[in-house]
Amino acid sequence: MTTPLTVLVVDDEPAIRRLLHAGLARADYRVVEAGTAREALTSAQIDKPDVVLLDLGLPDRDGLELIPIIKAAGAAVIVVSARDATDQKVAALDLGADDYVSKPFDSEEVLARIRAALRHRLASTTSDPVIRQGDVEIDLALRLVRKAGREVHLTPKEYGFVAELAKSSGKVVTHSSLLREVWGPGHETDVEYLRVAARGVRRKLEDDPACPSLIRNEPGVGYRLVTSY
């Protein structure tokens, strides 16, 4: 019998914990709960969760402070918070959060984000350098991109943009992170560079560039390479 994956729900509202617990249990996850930052850190050490659903508004500590600590323990972190301001999302993602879901939320969306985070964590531990989505293949080892089996020519910046998204497939990569990695330090605010690169990549890889399904823009936050949930 397969051991179920463990999800730690961290929220100071019992009603939210109950709602998430019910949906996770139906999806066959083992669920543990914490209502404070202290309880969350203790559970992260004892229960060894695979995924942590983390509220930011905890009574004893800002949830943002917990993200790097929990990540260091090996769990994927999905923020589930009423703080929906762009700067809060960017801060959480830059601190290492795997994803961000705003309250009120749809339980099925949360489950989908968990599946995506678990797939990304698994992919990051394997040596396969090829990321496939639909008929697009991104070969990080050979620095090649193919669509329907045919090589697609990307400019160096377009390839760098796609490669950074592929390394975190399914996750949002913030503007500042993309700009720093592809264009270098000092360009973290040059968001127009990203818009130009995204347009070029979509024109070459999307079936319908006007309605992109591969490269998704998260307004004010960053971009993600979409994976099937």
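Along the sequence shown, residues carry numbers from 1. Quick caveat: nothing in here was measured; it's all calculated off a predicted structure.
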Checklist entry - Side chains of Leu214 and Val226: does their closest heavy-atom pair fall under 4.5 Å? => result no
Checklist entry - Out of curiosity, does Ile114 fall in the hydrophobic cluster containing Val32 (side-chain heavy atoms, cut-off under 4.5 Å, transitive links)? => result no
Checklist entry - Do you know the tightest heavy-atom contact between Val173 and Ser168? => result CG2-CB, 3.8 Å
Checklist entry - Do you know which two heavy atoms are closest between Asp98 and Ala117, and how far apart they sit? => result CB-CB, 4.4 Å
Item to check | Euclidean distance, Leu20 CG relative to Ser107 OG, rounded to 0.5 Å | outcome: 6.5 Å
Checklist entry - Measuring from Asp135:CG to Gln133:CD, what's the distance to the nearest 0.5 Å? => result 9.5 Å
Using distance only, find each side-chain donor-acceptor pair of residues 180-189 under 3.5 Å and give its atom names and separation, not counting sequence neighbours.
| residue | atom | partner | partner atom | Å |
| --- | --- | --- | --- | --- |
| His187 | ND1 | Asp190 | OD2 | 2.8 |
| Glu188 | OE1 | Gly186 | N | 2.9 |

Item to check | Closest approach of Lys89 to Asp84 (non-hydrogen atoms, all atoms of both residues) | outcome: CE-O, 3.6 Å
Item to check | Electrostatic pair Glu108:Arg115 at N-O distance under 4.0 angstrom | outcome: no
Item to check | Rounded distance (nearest 0.5 Å) linking atom CD of Gln88 with atom CZ of Arg83 | outcome: 5.0 Å
Item to check | Heavy-atom pair with the smallest gap, counting every atom of Pro14 and Asp12 | outcome: CD-O, 3.4 Å
Could you give the side-chain donor-acceptor pairs of residues 37-46 under 3.5 Å, partners two or more places apart or in another chain?
| residue | atom | partner | partner atom | Å |
| --- | --- | --- | --- | --- |
| Glu39 | OE1 | Gly35 | N | 2.7 |
| Thr42 | OG1 | Arg38 | O | 3.1 |
| Ser43 | OG | Asp47 | OD2 | 2.6 |

Item to check | Close side-chain approach of Asp106 and Val110, heavy atoms under 4.5 Å | outcome: no
Checklist entry - Within a strict 4.5 Å, meaning less than it, do heavy atoms of the Ile67 and Leu54 side chains meet? => result yes
Next on the checklist: With rounding to the nearest 0.5 angstrom, report the CD to CG distance, Glu65 to Leu95.
Outcome noted: 9.5 Å
Item to check | side-chain contact (heavy atoms from CB on, under 4.5 Å) between Ser177 and Thr174, intermediate numbers included | outcome: CA-CA 5 Å; Ser177 178; Thr174 63; 3.3 Å; yes
Next on the checklist: Could you report the tightest heavy-atom contact between Asn217 and Arg202, atom names first, then the distance?
Outcome noted: N-NH2, 3.6 Å
Item to check | Interatomic distance, Ser169 atom OG to Ile131 atom CD1 [nearest 0.5 angstrom] | outcome: 6.5 Å
Checklist entry - Shared ILVMFWY cluster between Ile69 and Val51, side chains joined below 4.5 angstrom? => result no
Checklist entry - Only one of Glu192, Glu206, Glu158 forms a salt bridge (charged side-chain N to carboxylate O under 4.0 Å, His left out) with Arg199, so which one is it? => result Glu192
Checklist entry - Can we say Glu109 and Arg113 salt-bridge, meaning some charged N sits less than 4.0 Å from an Asp/Glu carboxylate O? => result yes
Next on the checklist: Let me check something: do Leu178 and Ile138 share a hydrophobic cluster, defined by ILVMFWY side-chain heavy atoms less than 4.5 Å apart, either directly or through other members?
Outcome noted: yes
Next on the checklist: Are the side chains of Val145 and Asp139 in contact, using a 4.5 Å heavy-atom criterion?
Outcome noted: no
Checklist entry - Can you find a pair of side-chain heavy atoms, one from Leu24 and one from Leu111, that are under 4.5 Å apart? => result yes
Checklist entry - More than 12 non-hydrogen atoms from neighbouring residues, nucleotides or ligands closer than 6.0 Å to CZ on Arg143, yes or no? => result no
Item to check | Any side-chain heavy-atom pair of Leu19 and Phe105 under 4.5 Å | outcome: yes
Checklist entry - Is a salt bridge present between Arg146 and Glu151, judged by a nitrogen-to-oxygen distance below 4.0 Å? => result no
Checklist entry - Is there side-chain contact between Thr86 and Val221, with at least one heavy-atom pair below 4.5 Å? => result yes
Next on the checklist: Set out, in order, the CA-CA distance, both residues' side-chain angles and the distance that settles salt bridge (charged side-chain N to carboxylate O under 4.0 Å, His left out) for Lys147 and Asp207, then state yes or no.
Outcome noted: CA-CA 10 Å; Lys147 181 173 175 61; Asp207 293 330; 2.9 Å; yes
Checklist entry - What pair of heavy atoms forms the shortest contact from Val130 to Glu137, and how long is it? => result CG1-CB, 4.3 Å
Item to check | Option from Val10, Leu5, Leu8, Val31 for which side chain to side chain contact (heavy atoms under 4.5 Å, CB included) with Pro49 holds | outcome: Leu8
Item to check | Pair Tyr223 and Phe161, ring centroids less than 6.0 Å apart | outcome: yes
Item to check | pair Lys171-Asp99: side-chain heavy atoms closer than 4.5 Å | outcome: no
Item to check | ILVMFWY cluster, Val80 and Val77 together (side-chain gap under 4.5 Å) | outcome: no
Checklist entry - How many angstroms lie between NE2 in His153 and CG in Leu144, if you round to the nearest 0.5 Å? => result 12.0 Å
Checklist entry - Honestly curious: do Val201 and Leu194 fall in one hydrophobic cluster under the side-chain, below-4.5 Å linking rule? => result yes
